[in-house]
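The figures here come from the full heavy-atom set of this structure, side chains too, leaving out hydrogens, waters and symmetry mates. Indexing begins at 1, ligand by ligand and atom by atom, following the structure's order.
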Amino acid sequence: MNKFPVLEIFGPTIQGEGMVVGRKTMFVRTAGCDYSCSWCDSAFTWDGSAKEEVRRMTAEEIMNELREVGGQKFDHVTISGGNPALLKPLHELIALLHEQNIQIALETQGSRWQEWFTDIDDLTISPKPPSSKMQTNWKILDDIIIKQKNNGRLAHTSIKVVIFNDEDLQYAEYVHARYPEVPFFLQVGNDDLEEVEPDRLASDLLSKYEWLIDKVMESTALNHVRVLPQVHALLWGNKRGV
Ligand SMILES: C[S@@+](CC[C@H](N)C(=O)[O-])C[C@H]1O[C@@H](n2cnc3c(N)ncnc32)[C@H](O)[C@@H]1O
Ligand SMILES: Nc1nc2[nH]cc(C(=O)O)c2c(=O)[nH]1
Ligand code: SF4
Ligand SMILES: [Mg+2]
């Protein structure tokens with residue numbers, strides 16, 4: 001059995017972002033990322049600060065812990081990271097979850113393809129805008145979108161771009177124009193990752209949400225889109241495991 005590097009298993013909670021926002025779900029957060037976004041809100045998955053907490057677990061061990069933590073109070077699991085798309089044998093976990101009639105969401109940045117992408121019920125691809133300081137590999141992203149489309153999976157796929165500034169918005173317009181058939185989400189960027197007071201963060205993030213809404217309403221290139229905050233950040237701030 002393959003082992004996966006796991007940092008967090010928590011829930012049930014609500015999916016705070018994107019295509020299934022509000023959905024009751026458990027979370028499995030894997031360690032390791034091929035990016036290092038300047039504003040990553042989960043940098044502990046790759047910057048070494050939580051390396052003592054990483055556990056190497058088989059799919060069966062992950063499933064058992066999901067049941068220990070969530071009991072029968074869930075039918076949906078979100079796999080995030082880090083970049084879970086680095087894990088080639090993740091189909092083992094996907095198969096176990098589906099056997100138990102559990103739906104699966106997965107969050108990734110679109111830097112790697114895996115065959116098991118077509119088995120994910122809610123696949124969110126989040127290419128990174130200029131403010132992240134990362135470079136998009138368009139060839140790989142094109143390939144992922146084409147494969148999802150050719151396998152009839154576009155209804156199970158979305159693109160979500162996090163926005164911090166006007167340059168990021170231009171990037172989002174470009175991405176949406178390049179993949180017009182893919183459900184498209186714009187998400188408020190949280191640049192206050194040190195704030196420990198949820199109320200202060202919430203008021204700041206709501207101002208940013210209003211700014212983003214105003215910008216998108218003015219854009220002629222962003223019509224068939226959805227604009228969302230990170231609901232979990234509004235409610236619980238920068239806390240881990242929620
Ligand atoms: C931590 S990432 C893990 C999955 C994958 N590495 C990715 O980036 O898509 C989960 C989601 O959080 C978003 N995210 C990360 N840092 C953020 C921030 N400071 N503000 C808003 N969204 C953020 C990412 O864009 C991604 O959609
Ligand atoms: N509630 C909640 N919703 C989320 N949506 C995406 C998350 C992530 O970190 O990938 C996340 C998270 O960490 N918590
Ligand atoms: S790709 Fe995702 S996990 Fe990796 S650094 Fe960027 S936001 Fe963080
Ligand atoms: Mg998060």
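In summary, the atoms of ligand 1 found under 4.0 Å from a heavy atom of Q230, numbered by their order in the structure, are 20 (N), 21 (C), 22 (N), 23 (C). Remark: ligand 1 atoms within the under-4.0 Å shell around heavy atoms of K160 are 27 (O). Listed by number with element, the atoms of ligand 1 under 4.0 Å from a non-hydrogen atom of C40 are 16 (N). Near V162, the atoms of ligand 1 lying under 4.0 angstrom from a non-hydrogen atom of the residue are 21 (C), 22 (N), 25 (O). Close approach to G189 involves these atoms of ligand 1, each under 4.0 Å from a residue heavy atom: 20 (N), 21 (C). Heavy-atom contacts of G81 reach the following atoms of ligand 1: 1 (C), 3 (C) (cutoff under 4.0 Å).
Using a 4.0 Å cut-off between heavy atoms, C33 contacts ligand 3 through its side chain alone, with no backbone atom that close. For M134, no heavy-atom contact with ligand 3 is shorter than 4.0 Å. At a heavy-atom distance under 4.0 Å, atoms from both the backbone and the side chain of D41 approach ligand 1. Residue contacts with ligand 1 for T108 involve N, CA, C or O but no side-chain atom from C-beta outward (heavy atoms, distance under 4.0 Å).
At least one cation-pi condition fails for R226 and F184: the charged atom is not both under 6.0 angstrom from the six-membered ring centre and inside a 45 degree cone around its axis. With a 6.0 Å cutoff to the six-membered ring centre and a 45° limit on the axis angle, R29 does not count as a cation-pi contact of F10.
Among all protein heavy atoms, the one lying closest to atom 7 (C) of ligand 1 is K128 NZ, 3.5 Å. The shortest contact between atom 6 (Fe) of ligand 3 and any protein heavy atom is with C37 SG, 2.3 Å. Shortest contact from atom 13 (C) of ligand 1 to any protein heavy atom: Q187 NE2, 4.0 Å. Looking only at heavy atoms of the protein, atom 11 (C) of ligand 1 is closest to E17 OE1, 3.7 Å. Scanning all protein heavy atoms for the shortest distance to atom 5 (C) of ligand 1 gives Q109 OE1, 3.4 Å. The nearest protein atom to atom 8 (Fe) of ligand 3, hydrogens excluded, is given as C40 SG, 2.3 Å; this is a heavy-atom distance. Scanning the protein heavy atoms around atom 20 (N) of ligand 1, the nearest turns out to be N190 N, 2.9 Å.
Distances between N or O atoms of S80 and those of ligand 1 include no value under 3.5 Å. Residue-to-ligand polar distances keep S42 apart from ligand 1: every N/O pair is separated by 3.5 Å or more. Here's the thing with S126: one of its N/O atoms is less than 3.5 angstrom from an N/O atom of ligand 1. Considering backbone and side-chain N/O of G82, one or more are found under 3.5 Å from N/O of ligand 1.
The two residues L205 and V188 make their nearest non-hydrogen contact at O-CG1, 4.1 Å. Here the closest non-hydrogen pair linking R112 and A85 is CB-O, 3.9 Å. Residues L7 and T45 come closest through the heavy atom pair CD1-CA, 3.5 Å. When every heavy atom of W46 is checked against every heavy atom of Y35, the shortest pair comes out as CD2-O, 4.2 Å. Heavy-atom minimum distance, S38 versus S131: OG-O, 2.8 Å. Contact between I14 and W236 at its shortest, heavy atoms only, is CG1-CH2, 4.1 Å.
Side chains of E17 and H232: a donor on one and an acceptor on the other come within 3.5 Å. With no hydrogens or angles considered, no side-chain donor-acceptor pair links N190 and D204 at under 3.5 Å. For the residue pair D122 and H76, a side-chain donor N or O sits within less than 3.5 Å of a side-chain acceptor on the partner. Between the side chains of E107 and S126, no donor N or O sits under 3.5 Å from an acceptor N or O.
Contact between E107 and ligand 3 is absent, with no heavy atom of the residue lying under 4.0 Å from the ligand. Heavy-atom distances between V188 and ligand 1 reach below 4.0 Å in at least one pair. The closest approach between any non-hydrogen atom of S42 and ligand 3 is not below 4.0 Å.
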#### Entry: From CA spacing to verdict: side chain to side chain donor-acceptor pair (under 3.5 Å), Q15, T25
CA-CA 6 Å; Q15 169 54 263; T25 189; 5.7 Å; no
### Message
Go through it in stages, so that I can follow the logic: the residues are D75 and R23, the test is salt bridge (Lys or Arg N to Asp or Glu O under 4.0 Å), and I'd like the CA-CA distance, side-chain angles, deciding distance and then a yes or no.
### Response
CA-CA 10 Å; D75 69 355; R23 177 74 158 95; 2.8 Å; yes
### Query
Should R178 and D142 be marked as a salt bridge (Lys or Arg N to Asp or Glu O under 4.0 Å) after you check the CA-CA gap, both sets of side-chain angles, and the distance that decides it?
CA-CA 9 Å; R178 193 171 176 115; D142 286 353; 2.7 Å; yes
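Of the listed residues (S36, S38, G82), the one carrying the non-hydrogen atom nearest atom 3 (S) of ligand 3 is G82. Ranked by closest heavy atom to atom 2 (Fe) of ligand 3, the top entry among K128, K133, R29 is K128.
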